[in-house]
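Notes follow once the structure below has been shown.
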Amino acid sequence: MTQKILLLPGDGIGPEITAEAEKLLTVLRDRHGLDVSWTSAPIGGAGYDAAGHPLPPATLEAAKAADAILLAAVGGPQYDNLPRELRPERGLLGIRAALGLFSNLRPALLYPELADASSLKPELVANLDILIVRELTGGIYFGKRQTGVETDYKVGSHVVPSARVARDTEAYSDFEIARIARTAFEAARLRGKKLCSVDKNNVLESSQLWREVVIEVSKDYPDVALSHMLVDNAAMQLVRAPKQFDVVVTSNMFGDILSDIAAQLTGSIGMLPSASLNERGQGMYEPSHGSAPDIAGKGIANPLAMLLSVAMMLRYTLARSDLADKIEAAVRKVLASGLRTGDIAKPGEATVGTVAMGDAVIAALG
Ligand code: IPM
Ligand code: MG
């Protein structure tokens, strides 16, 4: 049966890199037997401009009906002063919640050709290949919020008679922890068989439960070596000796922070795709980078993270890992041939634009 893809170009460089993904999909459909159809819809700032909301109802309906969603990026300075419920990010958070995309896979892979781009010494990052598994629909991102004036607010031994207070809540159930732990153990099983669970169990109740449940789940995965690390130490270890990690599993908030650190280890955020999956294998795929408003419309954005997101979509939702392998091999070939967009070029090196890079990957598909 024809599988349905929803394209969400979003803002900034989003439309430009989405055009490259569409070109790639067309070739896969016409020449490689990929049975898909696609439509596109506005989200983020583009959703707000078109329909007054970062996640217009029609976009959400289309997302629910799709097998896979390919999102480019949302956000831009022109939306910075909107109320929080209307900011572009709400489009993203809204889809994550509405589709139950609890499992966020963020690979940080260093391409040998780009080893100089890392801010770490080459020997620390050579052949780096980490997978961060971030819980995406729970924790403080979606916990109860409250803002108001409270009386007799305690600050240590001090009591403030009247204070403006804002609260966000970190809450996790055993159900949520167990299901993300299973995703991470399964992923580790297919890779280096090492899983590091990151928490703050020396301070937080929610982290104590996290650790307990991860240990319970580990009984079903005796072939995977499980370790635990406190989040502050994990941040330090990621920049001290990143190659000690294989798969890392952590909460929504810690995963947000650690995945940015891991991305910078590769020095090439323009190269990193990600996947957000629900229990039915429905997924949203997106580059790890943002909408880069400063270079939007100039035709110079790096489309590779977007094209590699198509590869992840083929692997995790569309059951065509043969085509995913082809795209990843094509990207490596193009890098090996010396083609560079501005973000991954060394000073003085010649660069190509978005369209030329997209064309080169398609040409290298074979
Ligand atoms: C990410 C982003 C989002 C997040 C923002 C845009 C809401 O930083 O996907 O990592 O915090 O989850
Ligand atoms: Mg983030």
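In listed order, ligands and their atoms are each counted from 1. Computed from heavy atoms alone, side chains included, the values below leave out hydrogens, waters and symmetry copies.
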Can you tell me if T183 and E186 form a side-chain donor-acceptor pair at under 3.5 Å? no

How many angstroms lie between OG in S268 and CZ in R340, if you round to the nearest 0.5 Å? 9.5 Å

Enumerate the atoms of ligand 1 whose separation from the nearest heavy atom of R96 is less than 4.0 angstrom. 1 (C), 4 (C), 9 (O), 12 (O)

Could you walk me through whether F254 and D256 satisfy the side chain to side chain contact (heavy atoms under 4.5 Å, CB included) test, starting with their C-alpha distance in whole Å, then the side-chain angles of each, then the deciding distance to 0.1 Å, before giving a yes or no? CA-CA 5 Å; F254 296 160; D256 180 44; over 6 Å; no

For the Mg ion (ligand 2), which protein N/O/S atoms are closer than 2.8 Å? D256 OD1

I need the I17 CD1 to E286 CD distance, nearest 0.5 Å. 10.0 Å

So is there a nitrogen or oxygen of R106 less than 3.5 Å from a nitrogen or oxygen in ligand 1? yes

For Y153 and R167, the nearest pair of non-hydrogen atoms, with its separation, is CE1-NH2, 3.8 Å

Given V74, D256, N252, identify the one with the heavy atom nearest to atom 2 (C) of ligand 1. D256

In this structure, are over 12 heavy atoms from other groups packed under 6.0 Å from N127 atom CG? no

Drop me the distance from K346's NZ to E349's CD, to the nearest 0.5 angstrom. 5.5 Å

Just jot down the ligand 1 atoms closer than 4.0 angstrom to any heavy atom of E89, in number order. 6 (C), 7 (C)

Nearest protein heavy-atom contact for atom 4 (C) of ligand 1: which residue, which atom, what distance? Y141 OH, 3.5 Å

Using the side chain to side chain contact (heavy atoms under 4.5 Å, CB included) rule, take D199 and S251 through it: C-alpha gap first, then chi angles, then the decisive distance, then the call. CA-CA 7 Å; D199 60 36; S251 65; over 6 Å; no

Minimum heavy-atom separation for A305 to M271, with atom names? CB-C, 3.7 Å

Can you tell me if R134 has a non-hydrogen atom under 4.0 Å from ligand 1? yes

